[in-house]
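For reference, the structure is listed below as structure tokens.
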Amino acid sequence: MKLSQLCCANYHYKRYSLEYFLDSAQRLGFSSIELWASGPHMHLEDFDASRLAQLKRSIRDHNLKLACFTPEQCVYAISVSHPDQVYRDRTVDFFNRHIEASVALDCDRMVVSTGFAYLDVDPEDAFGWCVESLQKIARKAEAEGVILALEPFTKYTTHICNEASQLVRLIKEVGSPNLMGLADSDVIATTNVDTFDSFCTILGRERLGHVHFLDGNPGGHLVPGDGNLDMDGILNTLKRMDYTGYLGLEVLDRRYVMDPETAMRRSMEWYAERI
């Protein structure tokens, strides 16, 4: 494992400007970032080609690489599993436009999810809608050279994809070489079906496209060392797999929003001591 694999992320920097986040990542010595594409930092509807080019220059001028692009898809009205075709088509368009933005920002990796599925709808119907929509998005990703990292959520968000076996089924059904899986250490622990090790084993190294490297109680998306998860064991699993991808610090707990830089500094120090 290398220090360059650890991605500073802007989720908990939302009380500060995007420029402050980039300054902070550079100041702390990060070489890569994961960018949460949402207001107040970067709502794509506010960014034309010129503003995307300006952001690309700013990231480059801070000596940073955009390693993963993450459109907001939990708060916005976005779901590839929704029974309304109009809703799904708009979602496909949403992701396709973010794929284009990824390319404009020199990023070849983007996070996607299944969105929200109703509990009073046949889950196999929802699964089919999800597959159909993801196939359309994956075709766009293939054409643009972008890898999609599909993230399972907990049952409180969706029942379409919560665990490794469901993720593997989705990836196989979509059938695209550009669709891979995302392992979120805190989501895996909260779901409590797989361990991080068994999740990665079932998914397979060849399908692991991105990692969210977080502690939890479970739950909370905390700085490594601030929760109850076996973060050393999780890191050892990644070492044993010879994982060469990125680890996004998707820190979300509100305890960090007033002083986000300290949270990132502590995350980097925890990681650096162990690699």
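Computation of the quantities below employed the complete heavy-atom set of this structure, encompassing side-chain atoms and omitting hydrogens, waters and symmetry-equivalent molecules.
For the pair D46 and R51, the salt-bridge criterion is not met [side-chain N within less than 4.0 Å of a carboxylate O]. Salt bridge status for R205 with D242: absent, with no side-chain N to carboxylate O gap under 4.0 Å. Between D93 and R97 a salt bridge is recorded (basic side-chain N to carboxylate O distance below 4.0 Å).
S24 and Y13 share a donor-acceptor pair across their side chains, judged by distance under 3.5 Å alone. In this structure, a donor-acceptor pair under 3.5 Å is absent between the side chains of H212 and D186. With hydrogens and angles left out, the side-chain atoms of E142 and S176 include a donor and acceptor closer than 3.5 Å. Residues E163 and T191 have side chains that never bring a donor and an acceptor to within less than 3.5 angstrom of each other. With 3.5 Å as the limit, one finds no donor-acceptor pair spanning the side chains of Q5 and T244. One side chain, D226 or Y256, offers a donor N or O that lies under 3.5 Å from an acceptor on the other. Side chain to side chain, D61 and S58 fail the donor-acceptor criterion of an N or O pair below 3.5 Å.
A continuous path of ILVMFWY side-chain contacts below 4.5 Å connects I234 to V251, so both sit in one hydrophobic cluster.
The main-chain N or O of G227 is never found under 3.5 Å from a side-chain atom of N217 such that the two would form a donor-acceptor pair. At least one donor-acceptor pair closer than 3.5 Å links the side chain of Q73 to the backbone N or O of V111. Looking at T158, its side chain never comes within 3.5 Å of a backbone N or O of T154 through a donor-acceptor pair.
Ring planes of F94 and H98: tilted class, angle from 30 to 60°. Note on ring orientation: taking the six-membered ring where Trp is involved, the planes of H82 and Y87 are parallel (angle under 30°, cut-offs 30° and 60°).
Annotation for K136: atom NZ counts as buried by contact number, over 12 foreign heavy atoms lying within 6.0 Å.
The distance from atom CG of L134 to atom CZ of F95, rounded to the nearest 0.5 Å, is 8.0 Å. Between the CZ atom of R254 and the NE2 atom of H12 there is a distance of 16.0 Å, given to the nearest 0.5 Å. Atom CD of E250 is separated from atom CG of D184 by 5.5 Å, given to the nearest 0.5 angstrom.
Checked against the 6.0 Å centroid threshold, H43 and Y76 count as a close aromatic pair.
When the options R57, E100, M42 are evaluated for a side-chain contact (heavy atoms from CB on, under 4.5 Å) with L52, the one that passes is M42.
Smallest separation of non-hydrogen atoms from A9 and L249: CB-O, 3.2 Å.
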